[in-house]
Amino acid sequence: MSKTKASNFKIVFRSIFRRAENLIFLLKEKLSERNFIYFASVLVAITCSFAVIILKSFAHNIFLWANDINDFLKLPYINSLLPIVGIVLTVFVVRNFLNNHIEKGSSKILYAVARKGGIVAKKQMYAQIVTSSLTVGLGGSAGLESPIVITGAAFGSNFAQKYHLSQKDRILLLACGVAAGIGAAFNAPIAGVLFAIEVVLTDVSISAFIPIIISAATGALISKVTLSPDTLLNFEQSLKFDYHNTPFYILLGVLAGFASIYHARNFQRVEKFFGAFKNKGYRKALFGASILAVLIFFFPTLFGEGYESIKTLASKNPNILLDNTILEPFKSSEWILLAFVGVTMLLKAFATGLTLGSGGNGGNFAPSLFVGSYLGFFVAKTVNLLNITHHLPIANFTIVGMAGILSGLFHAPLTAIFLIGEITGGYDLMVPLMIVSSVSYAVSKQFEKHSMDVKALADKGDVFTSDKDKNILQSIDLYNLVDKNFKTLTLGNGVEKAVEIFSTTNQKIIPVLAEDKSLVGIVDFDEVKSFIFNPYHVKFTSMSEVITQPKAIILLEDKVEKVMKHFEASDTDILPVIQKGKYFGFLSKIDVLENYRHRLKEMVID
């Protein structure tokens with residue numbers, strides 16, 4: 001009977017789903033293109049919001065459950081063991097249900113925009129929810145925001161693909177999904193809009209703001225209605241800015257810039273180490289998760305996202321951070337607390353690297369806020385304990401510090417300013433937020449040209465989000481532009497064969513190949529036209545005498561930017577292409593430029 005009910009439920013669900021699809025297709029026909037995008041932005045935001053609700057609720061409830069167990073046992077054993085379980089389960093899901101591959105980090109969205117025309121795999125609509133909830137929900141020291149961003153982007157991209165929208169609308173809806181995800185995760189719609197535009201889209205017109213604003217507002221509204229305030233990162237205390245503290249905010253900005261560089265580089269070192277790890281799969285997961293477990297045993301606030309500890313730092317009684325730690329007997333000592341906060345801040349990069357490098361899924365958005373809050377607390381508390389000046393407001397510095405690391409790590413100062421402004425419930429700290437974010441960004445930018453998410457891709461030449469021309473060039477697929485239909489010659493052919501090809505085709509260049517299909521040279525019509533049609537000259541001229549070397553050679557794996565440099569340097573419009581040492585075909589500069597023009601037209605979001 002239960003099987004029958006389940007079968008009937010599936011039939012009813014499929015029927016409802018098909019009717020909804022048909023209704024959306026009907027609306028697409030009836031509504032104008034712009035109005036349908038507005039409608040789509042709402043639907044994408046709703047689906048993203050429910051994904052956020054699932055992720056946030058699961059992670060928060062696991063955190064509360066673990067704390068209840070700790071209160072009973074009086075030792076953080078459970079906090080140490082749960083991340084091992086979570087990371088191993090994540091690896092199990094990835095290996096057995098996701099073809100042993102999972103996208104990690106919001107950099108994958110930048111890659112999708114720059115190189116794939118906004119196409120995100122369908123499985124990302126559920127893969128991120130499952131894997132990140134297991135990793136972070138069970139205590140992995142990472143954040144849920146990057147998985148939320150990828151999930152939102154996947155919903156937007158696949159909605160556009162499902163209903164046959166253009167590339168520019170696909171990228172726009174992808175950005176709508178991102179904005180809705182951030183808006184819902186923090187109940188911060190303005191930050192959602194700015195993150196989508198500042199990080200994901202770097203070339204967008206004013207009219208594209210409207211769908212993104214609609215999505216961010218919808219996501220924030222659903223989050224506000226359904227999620228309890230305890231689940232979200234927010235602050236209710238009154239925060240005031242005293243201009244006398246400006247020098248210390250500048251100092252915090254400088255330190256935040258260097259802390260951002262420290263976090264990014266050490267996180268990448270740990271990930272690189274695990275990337276070269278010989279024992280893949282479960283052994284790597286157990287190795288990395290075990291080290292993480294040790295760190296969490298001594299520093300329990302490294303457990304999970306860490307948002308609860310951020311709230312504690314900004315409260316009137318931050319000493320409770322030492323509860324259930326080996327330092328609990330010394331919780332009344334301000335210096336012990338300061339040392340604990342400072343060491344935890346420095347270890348966060350390694351904890352996050354261990355979490356993601358060993359096979360877990362998550363991101364660096366929440367860790368950046370964690371490190372920022374700890375840095376802000378450390379600076380203000382140190383100044384107060386040393387009596388350098390009048391008493392600094394520790395809560396203010398704890399909160400403003402988050403904006404500093406977020407700005408320095410992701411090179412997104414506007415997102416950082418307005419995100420922290422929104423989650424504090426007001427803008428009384430707007431001036432220090434602007435100071436710390438801009439100074440941190442300037443320091444970080446001085447030493448790191450690209451943000452942490454972009455750096456790995458930029459090093460490979462895969463994405464340059466601040467340069468639209470490079471983005472478009474790199475999205476061009478050279479393989480499909482190469483003309484492989486050129487008639488060829490071999491060294492055994494006579495010049496008469498070249499005459500035949502020139503006479504019967506439009507070819508101006510003939511490739512000459514060796515027996516192993518490697519390129520020996522070319523016969524260029526412009527070089528031989530003075531005698532090629534003279535029978536006497538042809539009869540007494542050998543093939544080797546008419547062969548010349550091309551002015552440049554293109555490798556099929558070359559980046560398009562390098563290919564264009566070859567065209568410019570050789571001052572020619574067509575060049576041979578080599579793949580793995582063998583002749584592959586010819587590439588025309590005109591074809592590349594025409595494809596660039598076509599993609600430029602498609603990618604303009606208006």
Side-chain angles (χ1 to χ4, degrees), residues 6 10 13 17 44-66 81-109 112 120-159 174 177-178 180-182 184-185 219 222-223 226-227 231 274 280-282 284-286 288-289 292 303-305 307 352 354-367:
K10 288 181 179 178
F13 178 79
F17 187 76
V44 169
I46 292 173
T47 54
C48 293
S49 300
F50 283 114
V52 171
I53 292 167
I54 293 171
L55 280 170
K56 286 289 186 180
S57 299
F58 181 80
H60 183 69
N61 288 328
I62 289 293
F63 175 84
L64 295 178
W65 175 75
L81 297 176
L82 284 178
I84 299 177
V85 177
I87 291 173
V88 170
L89 284 176
T90 301
V91 172
F92 173 80
V93 170
V94 172
R95 286 169 66 93
N96 292 279
F97 300 101
L98 299 174
N99 298 322
N100 205 27
H101 179 72
I102 183 71
E103 302 283 2
K104 295 181 184 180
S106 53
S107 60
K108 302 304 180 184
I109 303 306
V120 180
K122 185 178 293 186
K123 71 177 181 180
Q124 298 303 331
M125 292 191 290
Y126 59 86
Q128 297 294 326
I129 298 174
V130 176
T131 55
S132 63
S133 63
L134 289 173
T135 298
V136 183
L138 291 172
S141 193
L144 294 171
E145 286 72 28
S146 288
I148 285 171
V149 163
I150 297 175
T151 301
F155 277 121
S157 172
N158 282 276
F159 182 94
L174 179 152
V178 170
I182 294 296
I222 294 176
S223 172
T226 56
L227 286 176
T231 306
F274 279 99
K280 304 294 184 180
Y282 296 113
K284 182 173 75 170
L286 287 171
L292 176 65
F303 182 92
E305 291 181 293
Y307 285 162
T352 305
L354 287 166
T355 301
L356 303 187
S358 62
N361 187 26
N364 267 289
F365 201 100

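If you read the sequence from its start, that first residue is 1, and numbering goes on from there. In this text, all values refer to a predicted model and were calculated from it rather than measured experimentally.
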Item to complete: Would you name the heavy atoms of G281 and V91 that are closest together and state the gap between them?
Response: C-CG1, 4.1 Å
Discussion item. Please give me the minimum heavy-atom distance between G360 and T90, naming the atom from each residue.
Written reply: CA-CG2, 4.1 Å
Worksheet entry | Side-chain donor-acceptor pair present, S141, T355, cut-off under 3.5 Å | no
Discussion item. Just so I know, are the side chains of V136 and E305 near enough to count as touching, which here means a heavy-atom distance under 4.5 Å?
Written reply: yes
Worksheet item: Considering all heavy atoms of both residues, which atom of I109 and which atom of A153 are nearest to each other, and what is their separation?
Response: CD1-CB, 3.4 Å
Practice prompt. Taking the side chain as every heavy atom from C-beta outward, state whether I222 and I53 have any pair of such atoms under 4.5 Å apart.
Written response: yes
Practice prompt. May I ask you to decide if A184's main-chain N or O and S223's side chain share a donor-acceptor pair within less than 3.5 Å?
Written response: yes
Worksheet item: Would you say the side chain of K123 lies within less than 4.5 Å of the side chain of H101, judging by non-hydrogen atoms?
Response: yes
Worksheet entry | For C48 against G152, the heavy-atom pair lying closest together | SG-CA, 3.2 Å
Fill in: Side-chain heavy-atom pair T151, I129 within 4.5 angstrom cut-off
yes
Worksheet, complete the sentence: Exactly one candidate in Q128, K104, Q124 meets side chain to side chain contact (heavy atoms under 4.5 Å, CB included) with P147; the answer is Q128
Worksheet entry | Heavy-atom closest contact (G219 atom, A45 atom, distance) | N-CB, 4.2 Å
Worksheet item: Under 4.5 Å between any side-chain heavy atoms of Y307 and K56, yes or no?
Response: yes
Worksheet item: Checking side chain to side chain contact (heavy atoms under 4.5 Å, CB included) for the pair F303/L82: CA distance, chi angles, key distance, verdict?
Response: CA-CA 9 Å; F303 182 92; L82 284 178; 4.2 Å; yes
Response to the item:
In this structure, OG of S157 is separated from CD1 of I150 (nearest 0.5 Å) by 12.5 Å
Worksheet entry | Non-hydrogen side-chain atoms of S132 and L55 separated by less than 4.5 Å | yes
Worksheet item: Does the side chain of L227 come within less than 4.5 Å of S57's, by heavy atoms?
Response: yes
Practice prompt. Side-chain contact test, heavy atoms from C-beta onward, threshold under 4.5 Å: evaluate it for F274 versus L354 and give yes or no.
Written response: yes
Item to complete: Determine, stepwise, if the pair L98 / Y126 fulfils side chain to side chain contact (heavy atoms under 4.5 Å, CB included).
Response: CA-CA 10 Å; L98 299 174; Y126 59 86; 4.0 Å; yes
